[in-house]
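Have a look at the structure below before the remarks.
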Number of protein chains: 2
Amino acid sequence: MNLSERKKRILRAIIESYIETAEPVGSKAIADCIGMEVSSATIRNDMADLEAMGLLEKPHTSAGRIPSSKGYRLYVNELMEEHKLSLQETQRINQALHLKMQELDRVLDQAGRVVSQLTNYPSFSLSSGMERVTVRRFDLLMVELNAFIIVVMTDTNVVRNRLIRLPSDLTQAQLQMLNTLLNTTFTGLTLEEITPELMRVAQHAAGEAYGLISLVVSFAIEVLESLEHRTVRTAGLAHLLELPEYRSLERAQPLLSYLSEENDAARFPVPKDDPMRILIGPENVADALKDTSVVMASYDIGEGMRGVIGVVGPTRMDYAKITARLSYLAEGLSKLFGQGQLPGGKDEET
Amino acid sequence: MNLSERKKRILRAIIESYIETAEPVGSKAIADCIGMEVSSATIRNDMADLEAMGLLEKPHTSAGRIPSSKGYRLYVNELMEEHKLSLQETQRINQALHLKMQELDRVLDQAGRVVSQLTNYPSFSLSSGMERVTVRRFDLLMVELNAFIIVVMTDTNVVRNRLIRLPSDLTQAQLQMLNTLLNTTFTGLTLEEITPELMRVAQHAAGEAYGLISLVVSFAIEVLESLEHRTVRTAGLAHLLELPEYRSLERAQPLLSYLSEENDAARFPVPKDDPMRILIGPENVADALKDTSVVMASYDIGEGMRGVIGVVGPTRMDYAKITARLSYLAEGLSKLFGQGQLPGGKDEET
DNA sequence: TTTAGCACTCCAGAAGGACGAGTGCTAAAT
DNA sequence: ATTTAGCACTCGTCCTTCTGGAGTGCTAAA
């Protein structure tokens, strides 16, 4: 893909103009750009070449050209200049990050909302599920004679709890025994390792309180499952409708439905290593995203977990601006979680 | 508002036809209904009367009539027949409720989604904040020398926790002392009663560990605050676009934006006593809802709290069907929470 | 009080046409 | 060899016009 310098400039001008206006770009408009010293006819010729290379497209014979996915890809890879964040923007992001936010969930909600406001595109965010999480310790706290609290802490430092009421009373000694039994039998095990077999053995050992074992362990299983389970949240869906390409309901509706559908995290790929990933048009797997672009940044949640935050928009999105903002935010999130600036470190609740 | 029997039947026929088709209804269409033995001219006369009473409107001279808000109101109050749920529908709702759902949040998410799917309208749900919540007990669990878990349980049986890491080590005895101090000083107090004054006294009493007091207490304050704070969630926004009245973006966009805006619970009124409430068109306070109707049902979360779940749609919504489904679901939720069918009673996490 | 008939209103959708932006090609110019 | 000017052609957009039909209100008869 060797392009003359002029063709590159033309391609870039077309893409940037189209990004801004969403209107096909004609040869005349490009010729009028300052810094373009050739005539529109020359540009027409070059445009024809660019089209032959698959970098541009014509909506119809006598409209201007619009970039193809391939064109955007080239732009993103080679032509795009880095966007500098304005002071305002960094302030906005910092402010969002520095809200006293306690829970992972809330932080991500907030982050998603900020991204959406900042970019005027719908945003999504998800945290990658953890694998092979195990329970590190159980604590049982007696509340009343017939109620106690289970506290489960995982090896990833997540702590969760549940209040349990019982039909019958319980002694402190029983609880103590149960506690020890749980901690010796069920700690350090992954989901798969907690077998019915093991349960039976433990229940046998628990004597009278055998029913409680399954109560507590099934709570632990819930916790482990919920940690492996990834959830997606979206924000700012309504921004979609502000875009000229989604003025017609036929286009907007399927995409909107897709984005607001049951949050199946599997639909969003989690980039393993790249901190920033851009999927343009047909590069997306999901049909509903075939004519949209997705830009996403991943960040470190600590404990080996990663999260992803990104935006969805028309292929003509302002990649430069958006990548800049996203990566700045993602870095902020990484710092927030990874380095334990959160009061109390990397723990989280829910 | 005394209407002849025939006029009532005509009004009802018009409203039900309009609910179904979203098209203005003409006199001929009504006359053709089985059970209407009079001619279209007669019906025209009656329709003119109904219009004069403000129950019907004309979009323009030669379209049929459409119901006015006042017309809908009359319909809802007097004319509407109770809708029977089909077996399918009840099964669907029951199934949604009987999923093993642990956390209040997830239950409500799920309920909102089910309502939206069941009605094909966007749904919202919110739980009323609690007032005057107090901490019932603190537990501090030592994890490592420089880390411990705070467990806070409120008088409303909500239990939350947080992992705290310390820059320096800590002895079991210190933690024990702290625990006792917290439980004697800060339990049974509402947010307002936890004064800086009190904090100072406690810090003084804590000696060396005085810094920890504020850590733990501020966590407790966060918990109490989050319980007083109401949140709204929405689901199925995309359904809006399926409706003929929101085919034009100009109509859909403001409403969609409004619904997906920052979740300010204040925007949704929580009906105090009515289990079911219907707001038709201009009866809504919010401008964005002026030509929509809101149907909501409230349910008991237990511990004196109430939640609300509802749908938003065009004024021509099928009130009969929707109220039936909502109230069935709300009853289910009440049972679920109020009677403690949730494993472990009324506790919840997050 | 109800009905049939009729003139009138007004929207929706089709059809036609002018406009204009943009193209590709050719031939001249550099 | 590349660039430019000129020109005919294409094709979507916008505007106008027109027509059909659904629905109304009114009047007069049943």
Side-chain angles (χ1 to χ4, degrees), chain A residues 2-11 13-15 17-18 20-33 35-68 71 244-245 247-251, chain B residues 2-11 13-15 17-18 20-33 35-68 71 244-245 247-248 251:
Chain A
N2 267 336
L3 290 174
S4 74
E5 204 50 45
R6 192 181 62 208
K7 279 182 184 160
K8 279 187 191 169
R9 268 172 55 208
I10 291 174
L11 180 59
I14 291 174
I15 292 180
S17 160
Y18 188 68
E20 202 178 333
T21 64
E23 308 257 305
V25 187
S27 52
K28 188 123 190 302
I30 298 298
D32 290 348
C33 285
M36 274 297 169
E37 300 308 344
V38 292
S39 77
S40 68
T42 311
I43 293 181
R44 268 203 294 286
N45 289 331
D46 284 351
M47 279 162 87
D49 291 350
L50 289 169
E51 187 181 348
M53 287 193 241
L55 298 170
L56 293 180
E57 283 171 2
K58 271 191 297 209
H60 58 86
T61 321
S62 83
R65 302 300 211 294
I66 61 174
S68 69
E245 29 271 280
R247 280 298 181 72
S248 83
L249 267 276
E250 299 82 58
R251 300 211 162 266
Chain B
N2 267 336
L3 290 174
S4 74
E5 205 49 44
R6 192 180 61 208
K7 279 182 185 158
K8 278 187 191 168
R9 268 172 55 207
I10 290 174
L11 179 59
I14 291 174
I15 291 180
S17 161
Y18 187 69
E20 202 179 331
T21 64
E23 308 257 304
V25 187
S27 52
K28 188 125 190 301
I30 299 298
D32 290 348
C33 286
M36 274 297 168
E37 301 307 343
V38 293
S39 79
S40 68
T42 311
I43 293 180
R44 270 204 294 284
N45 289 331
D46 285 351
M47 279 163 87
D49 291 350
L50 289 169
E51 187 181 349
M53 287 193 241
L55 298 170
L56 292 180
E57 283 171 2
K58 271 191 298 210
H60 57 87
T61 322
S62 81
R65 302 300 211 294
I66 61 174
S68 69
E245 27 272 281
R247 280 296 182 73
S248 82
R251 300 211 162 266

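Reminder, nothing fancy here: chain letters follow the sequence lines and each chain counts from 1.
- With sequence neighbours excluded, the residues satisfying side chain to side chain donor-acceptor pair (under 3.5 Å) with B:E245 are B:R316.
- In terms of the side chain to side chain donor-acceptor pair (under 3.5 Å) criterion, residue partners of A:S39 (sequence neighbours excluded) are, by chain and number, A:T42.
- Atom CE in B:M47 sits about 16 Å away from atom C1' in D:dC26, given to the nearest Å.
- For B:E57 against B:P67, the heavy-atom pair with the smallest separation is OE1-O, 4.5 Å.
- Put simply, CD on A:E57 is 17 Å from C1' on C:dT23, counting in whole angstrom units.
- Between the CG atom of A:L50 and the P atom of C:dG22 there is a distance of 17 Å, rounded to whole Å.
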Hey, can you pull the donor-acceptor pairs under 3.5 Å for the side chains in residues 45-52 of chain A, sequence neighbours left out?
from, atom 1, to, atom 2, distance (Å)
A:D46, OD1, A:R6, NH2, 3.3
A:D46, OD2, A:R6, NE, 2.7
A:D46, OD2, A:R6, NH2, 2.8
A:D49, OD2, A:K7, NZ, 2.9
A:E51, OE1, A:R65, NE, 2.9
A:E51, OE1, A:R65, NH2, 2.8

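- Summarising the geometry, atom CD1 belonging to B:I10 is positioned 12.0 Å from atom CG belonging to B:L55; distances are rounded to the nearest 0.5 Å.
- Residues passing the side chain to side chain contact (heavy atoms under 4.5 Å, CB included) test with B:S248 are B:E250, B:R251, sequence neighbours excluded.
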Task: Secondary-structure string, 5' to 3', Watson-Crick or G-U under 3.5 Å, | for another-strand partners, for DNA chain D - done: ||||||||||||||||||||||||||||||
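- Considering all non-hydrogen atoms of both residues, A:P59 and A:I66 come closest at CG-CG2, 4.2 Å.
- Taking the side chain of B:R65 as heavy atoms from C-beta on, and the options D:dG25, D:dC11, C:dT23, the nearest nucleotide is D:dG25.
- Here A:K58 lies in heavy-atom contact (under 4.0 Å) with sugar-phosphate atoms only.
- Look at CD1 on B:I66: it is 13 Å from P on D:dT24, rounded to the nearest Å.
- In this structure, the CE atom of B:M36 is 15 Å from the C1' atom of C:dT2, given to the nearest Å.
- The NE2 atom of A:H60 sits 9 Å away from the C1' atom of C:dA21 (whole-angstrom rounding).
- Per the geometry, NZ belonging to B:K28 stands 17 Å off P belonging to D:dG25, to the nearest Å.
- Atom CD in A:E5 sits roughly 17 Å away from atom P in D:dT2 (whole-Å rounding).
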- [ ] Would you give a per-nucleotide map of nucleotides 4-10 of chain D, 5' to 3', where B means the base has a protein non-hydrogen atom under 4.0 Å away, S means only the sugar-phosphate does, and - means neither?
- [x] BBB---B
Table please: side-chain donor-acceptor pairs of residues 20-33 of chain B below 3.5 Å, with sequence neighbours left out.
from, atom 1, to, atom 2, distance (Å)
B:T21, OG1, B:S17, O, 3.0
B:T21, OG1, B:E23, N, 3.2
B:S27, OG, B:R44, NH1, 3.3

